[in-house]
Amino acid sequence: MSNSIAPVPPRRILCALALLAVLGALLGTGLTSRSAGDLQSQIAATRSAADSLKQQIAGDSQQIATTRNGIAGAQARLTAIQAKLDQRVAQLKAVQASLLAARDHLVQLENRLHLATEALAANLVAGYEGSQPNLTTVILNSHGFTDLLDQMSFMERIAHQNADIVGITRAARAEVARQATHLADLEARDRVLTNEVLAQRNQVAALRAALVRQQMSELSSRARATHRYDSLNAQLSHLQARLNAIEAAAAAAAARAATTGNANVGGIAVNTGGMVQPPAGAPEAIRQVIAAGNAIATLPYIWGGGHGSFHASGYDCSGSVSYALAAAGLISSPMVSGDFESYGDPGPGRWITIYANAGHVWMDVAGWRFDTVALSYGGTRWSQGGGEFSGFVVRHPPGL
């Protein structure tokens, strides 16, 4: 079908008129395999949904692998953090040990300072109360020079003792002050290290929890997609089995027609030889194209048929080719004949070759010609041999 509206070729009008009587009987009996076309559409839609889920599962698996790599990297970081944490704990224990030792030393210094202070106070009190002699009383009360020397020596020892006590007291006070400052520094460092240890532990716990939650979410998402994918595959198998049964029935009818030449359906003689079977080893796409071609093979030629919707009571040339290709997912919407001049890849294909120009399109599928022109000869779009080649662009679906 071209983009412009052109008069219907006379041979196609004759073909359409000749097939009107047969069409009524075929639509009533199901030999046109419209159910097969519906199944092909359902199979194509289900396969498309399954492919989308398969891509989602692959994406989820890739993301899980990425997360697993991230977990491995995070685990390496956690190991480094744990080593640093162990160092902090060791430092903390050493600081705490130093802190205890400093506190014990401070207690000792305080006790020493207390004793020195008491001794100094006692000496001062004794000196002021007169229990110890001064220089004048020693000279006046001494009995001879020897006694005077003894008294003077005693006073000198008392003075040295007091000076020692004062020195000890001062040193003890200074040491107490230094030790108190050192103790304050240790306590401050203790608090800093303790806070660092707690912060590191909190970071480790938060990171581990986040990684576990992410991994659980990704695994759950892939599991749900896998479940839906398995369900669609089961549905697809069921639809394919129904389609295979329809194709088998069509093959049996074709075999009977080959023997008798005609089959009697509802009292009307119809030619059931319009159904073909895919060759052994044909790809699934070829099986689907042939099954879809069988579904509309004997329907009449209708200008514009199959372009408003894939499901119609008759099809023109481009509508017929579009319907068969769409069943295998090779196109997504009906195309006019001129569009097929740029469809797919250039040249003939291994399984499908399309011949198109602005006014007409037909194709060869696994050695069978699928062409609305053939309707005027055998009542079916399928035929062996023939076909127009001159002035046609030759294309084929990619890979076929």
Worksheet item: Do any N or O atoms from the side chain of Arg350 and from the backbone of Leu400 form a donor-acceptor pair under 3.5 angstrom?
Response: no

Item to complete: Answer whether the closest heavy-atom distance between the side chains of Val361 and Met335 falls below 4.5 Å.
Response: no

Fill in: Aromatic ring pairing Phe340/Tyr343, orientation class (parallel under 30°, perpendicular over 60°, tilted between)
perpendicular

Worksheet entry | Ring-ring centroid check Phe370 Trp362, cutoff 6.0 Å | no

Discussion item. Just to verify, what does Ser320 make a side chain to side chain donor-acceptor pair (under 3.5 Å) with, not counting sequence neighbours?
Written reply: Arg381

Worksheet entry | Main-chain N/O of Val276 paired with Asn294 side-chain donor or acceptor, under 3.5 Å | yes

Could you go through residues 231-238 and list every donor-acceptor pair under 3.5 Å that involves a side-chain atom there, pairing it with any protein atom two or more places apart or in another chain?
unit_1	atom_1	unit_2	atom_2	d
Ser237	OG	Asn233	O	3.0

Worksheet item: Ser217 side chain to Gln214 main-chain N or O, any donor-acceptor pair under 3.5 Å?
Response: no

Item to complete: Check the pair Leu330, Val289 against side-chain contact (heavy atoms from CB on, under 4.5 Å), reporting the backbone distance first and the verdict last.
Response: CA-CA 9 Å; Leu330 299 176; Val289 169; 4.2 Å; yes

Worksheet entry | Stepwise side-chain contact (heavy atoms from CB on, under 4.5 Å) check, Ile302 with Asp316 | CA-CA 5 Å; Ile302 297 179; Asp316 63 10; over 6 Å; no

Practice prompt. Walk me through it: do Ser313 and Leu299 pass the test side-chain contact (heavy atoms from CB on, under 4.5 Å)?
Written response: CA-CA 7 Å; Ser313 57; Leu299 292 184; over 6 Å; no

Worksheet item: Going by heavy atoms in the side chains, are Met363 and Arg395 under 4.5 Å from each other?
Response: no

Worksheet entry | Residue pair Pro334 / Phe310, side-chain heavy-atom distance below 4.5 Å | yes

Practice prompt. Test Gln288 against Ile286 for side-chain contact (heavy atoms from CB on, under 4.5 Å), laying out the working first.
Written response: CA-CA 5 Å; Gln288 293 169 347; Ile286 300 304; over 6 Å; no

Discussion item. Less than 4.5 Å apart, side chain to side chain, heavy atoms only: is that true for Leu211 and Arg213?
Written reply: no

Fill in: Arg224 and Ser220: CA distance, side-chain angles, deciding distance, side-chain hydrogen bond (donor to acceptor under 3.5 Å, both in side chains) verdict
CA-CA 6 Å; Arg224 289 193 299 270; Ser220 177; 2.7 Å; yes

Response to the item:
side chain to side chain contact (heavy atoms under 4.5 Å, CB included) filter on Pro348, not counting sequence neighbours, yields Thr353, Val394

Worksheet item: Roughly how far, to the nearest 0.5 Å, is CZ of Arg191 from CD of Glu196?
Response: 13.5 Å

Worksheet item: Heavy-atom distance under 4.5 Å between the side chains of Ile354 and Leu325, does that happen here?
Response: yes

Discussion item. Centre-to-centre under 6.0 Å for Tyr323 and Tyr315, is that the case here?
Written reply: yes

Worksheet item: Taking side chain as C-beta onward, heavy atoms only, is Thr372 less than 4.5 Å from His360?
Response: yes

Item to complete: Determine whether Tyr355 and Val365 fall in the same hydrophobic cluster, where Ile, Leu, Val, Met, Phe, Trp and Tyr are linked whenever their side-chain heavy atoms lie under 4.5 Å apart.
Response: no

Worksheet entry | Single-linkage hydrophobic cluster, 4.5 Å side-chain cutoff, Leu219 and Met216 together | no

Worksheet item: Does any non-hydrogen side-chain atom of Ile64 lie less than 4.5 Å from one of Arg222?
Response: yes

Practice prompt. Go through the side-chain N and O atoms of Glu218 and Thr67 and say whether any donor and acceptor fall under 3.5 Å apart.
Written response: yes

Practice prompt. Start with the C-alpha distance between Ser322 and His307, add both sets of side-chain angles, then the distance that settles side-chain hydrogen bond (donor to acceptor under 3.5 Å, both in side chains), and finish with yes or no.
Written response: CA-CA 9 Å; Ser322 295; His307 289 277; 5.5 Å; no

Worksheet entry | Other residues, nucleotides, ligands: >12 heavy atoms within 6.0 Å of Gln384 CD | yes

Worksheet item: Does Trp351 reach the side chain of Pro279, with side-chain heavy atoms less than 4.5 Å apart?
Response: yes

